[in-house]
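Taking it in order: structure first as structure tokens, then the write-up.
One-based numbering along the sequence shown. Given the structure is predicted, the values throughout are model-derived calculations rather than measurements. Whatever order the structure lists them in is the order used to number ligands and atoms, beginning at 1.
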Amino acid sequence: MQLKNSKELFSKAKHFIPGGVNSPVRAFKAVGGDPVFIKSAKGAFLYDEDGNEYIELINSWGPMFLGHAHEIIEEAVAKAIGSSLSFGAPTRREVEMAELITSIVPSIDKVRMVNSGTEATMSAVRLARGYTGKDKIIKFEGCYHGHGDSFLIAAGSGAATMGVPDSPGVTEGTARDTLTAPFNDLETVKQLASANRDEIAAIIIEPVAGNMGCVLPDAGFLEGLRTLCDDENIVLIFDEVMTGFRLAPGGAQQVLGVTPDMTTLGKIIGGGMPVGAYGGKKEIMDFVSPEGPVYQAGTLSGNPVAMAAGFAILDHLHKNQQIYQEADAVSTRIVEGIRKNLQALGLNYTINHIGSMFSLFFTDEKVRDFESARMSDTYLFADYFKKMLEKGIYLAPSQFEALFISHAITDDIADRIIEVNFQVLSSMHK
Ligand code: HOZ
């Protein structure tokens with residue numbers, strides 16, 4: 001595979017952009033080699049600057065649930081562009097967007113639009129602190145909630161990939177206010193709550209973690225958090241930036257049947273444009289300025305072009321809910337195919353899967369928290385990643401990220417992925 005143009009672009013990029021990339025995982029540091037520079041994409045395929053084609057299994061880390069350059073979204077954006085790119089003033093579209101979101105996600109009475117998942121989680125935690133009058137939060141090891149200071153403690157995603165889960169630059173005071181527990185460990189959360197009684201404003205969690213690879217909650221875990229939050233007057237925040245509008249129209253909370261007080265959203269909500277949102281119970285959301293005292297603002301919040309893209313995808317998904325069953329079915333086909341490959345090769349690696357998200361971990365152990373995710377052999381993962389890429393399958397360049405399947409993947413494409421997976425796993429275990 002020829003990657004001359006990507007290599008040249010990367011060496012130039014390193015002169016002008018830290019590490020040559022605008023988000024760390026993209027640099028391929030965890031897997032070695034140079035990143036591929038993408039020129040265009042359509043449906044289930046990516047095309048790089050050297051003309052190579054790849055089957056796409058990241059989908060911009062989630063947003064491109066319908067596949068790339070989907071006509072519904074592109075048309076909505078093209079139409080919006082004709083009326084100027086930004087007003088910094090209220091618009092009809094953002095009202096329609098808020099109405100649609102609140103009708104799709106029952107736990108959200110009111111919603112505020114922002115520009116990214118990071119903004120959504122930062123704002124949600126500030127609001128929970130303002131609402132409860134308490135300072136501390138509990139987060140889970142390996143969960144990633146964007147790069148806000150409070151969350152770069154035991155963080156997953158790029159922070160875990162780069163080996164800096166506790167980032168320098170986060171003040172001691174901020175770190176002190178962030179308590180951490182292992183995912184799926186209700187006992188530790190209870191102990192933290194009791195040792196810090198009347199001090200904890202919020203528990204924030206990815207109800208299905210995607211940032212230490214895909215890790216599912218054990219039966220009863222989220223229910224236990226719900227009860228604890230009710231008992232201790234703690235705001236339960238589900239970070240559904242990855243799972244929102246992906247696992248079901250109402251996200252993981254709909255699938256798992258546990259209702260948070262607040263929800264943060266991103267990725268699919270923007271259909272590929274920079275959009276995030278946070279919302280929840282009316283009495284909490286009414287604490288946000290200008291209704292209430294907790295300040296949060298943004299020149300580009302509710303941007304008309306972003307709202308057009310977001311509304312187009314959410315409305316399309318809302319009216320065509322069979323898309324969820326279809327995307328889940330093709331994902332199950334891929335996962336089952338990989339399981340059969342593993343079996344045929346006598347390998348016992350772990351696959352975690354829910355809906356259209358999954359991860360293959362290079363460990364024989366069950367993966368149910370960050371500690372077990374880290375048991376995965378990341379050297380084997382790097383080898384697997386490189387070989388899959390050479391054969392035209394574009395995976396997330398880190399063990400600590402989930403794969404996102406789009407609705408554009410057909411059964412034929414799924415079978416191609418399974419076939420390449422077999423070839424690659426066999427070559428690694430000769
Ligand atoms: N941390 C993001 C996924 N969990 C990666 C974003 C990106 O590199 O675009």
Side-chain angles (χ1 to χ4, degrees), residues 6 10 13-14 17-31 33-38 41 46 48 54 56-65 68 115-122 139-167 183 204-215 238-247 252 264-276 352 354 356-359 361 370 373 378 381 385 389 394-406:
S6 277
F10 191 46
K14 283 192 275 192
I17 307 174
V21 288
N22 281 312
S23 193
V25 188
R26 298 180 196 176
F28 281 24
K29 274 202 159 179
V31 288
D34 291 340
V36 170
F37 279 62
I38 304 300
L46 287 176
D48 72 13
Y54 306 89
E56 160 71 309
L57 293 181
I58 310 181
N59 286 291
S60 188
W61 307 91
M64 314 314 281
F65 186 39
H68 286 276
N115 300 292
S116 68
T118 291
E119 258 191 76
T121 52
M122 278 171 19
K139 79 172 281 287
F140 294 87
E141 291 161 12
C143 278
Y144 178 76
H145 305 289
H147 60 85
D149 284 0
S150 308
F151 307 121
L152 292 179
I153 318 283
S157 187
T161 306
M162 301 299 145
V164 282
D166 309 294
S167 174
F183 196 81
I204 184 166
I205 186 163
E206 299 176 72
V208 170
N211 285 294
M212 48 178 137
C214 181
V215 178
F238 277 3
D239 179 349
E240 297 233 38
V241 168
M242 283 182 167
T243 49
F245 309 107
R246 171 167 287 279
L247 296 187
T264 57
L265 296 161
K267 303 201 187 270
I268 291 177
I269 202 176
M273 295 291 283
V275 180
N352 286 354
I354 181 168
S356 54
M357 291 169 70
F358 78 93
S359 290
F361 292 96
F370 194 33
T378 49
F381 174 82
F385 170 85
L389 191 74
Y394 191 76
L395 306 173
S398 165
Q399 176 70 90
F400 305 117
E401 300 283 356
L403 295 181
F404 298 104
I405 305 301
S406 84

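Between Phe28 and Tyr394, the two ring planes are tilted [angle within 30° to 60°].
Among protein residues, Ser23, Arg26, Trp61, Tyr144, Ser157, Asn211, Met242, Glu401 come within 4.0 Å of ligand 1, judged on heavy atoms.
Counting heavy atoms from C-beta on, the side chains of Phe37 and Phe10 come closer than 4.5 Å. In this structure the side chain of His145 reaches within 4.5 angstrom of the side chain of Glu206, judged on heavy atoms.
In the model, Ser359 has no side-chain atom that pairs as donor or acceptor with a side-chain atom of Asn352 under 3.5 Å.
When all heavy atoms of Ala402 and Met357 are compared, the pair lying nearest together is CB-CE, 4.1 Å.
Among Leu57, Ile58, Ile38, Asn59, the single residue meeting the side chain to side chain contact (heavy atoms under 4.5 Å, CB included) criterion with Leu46 is Ile38.
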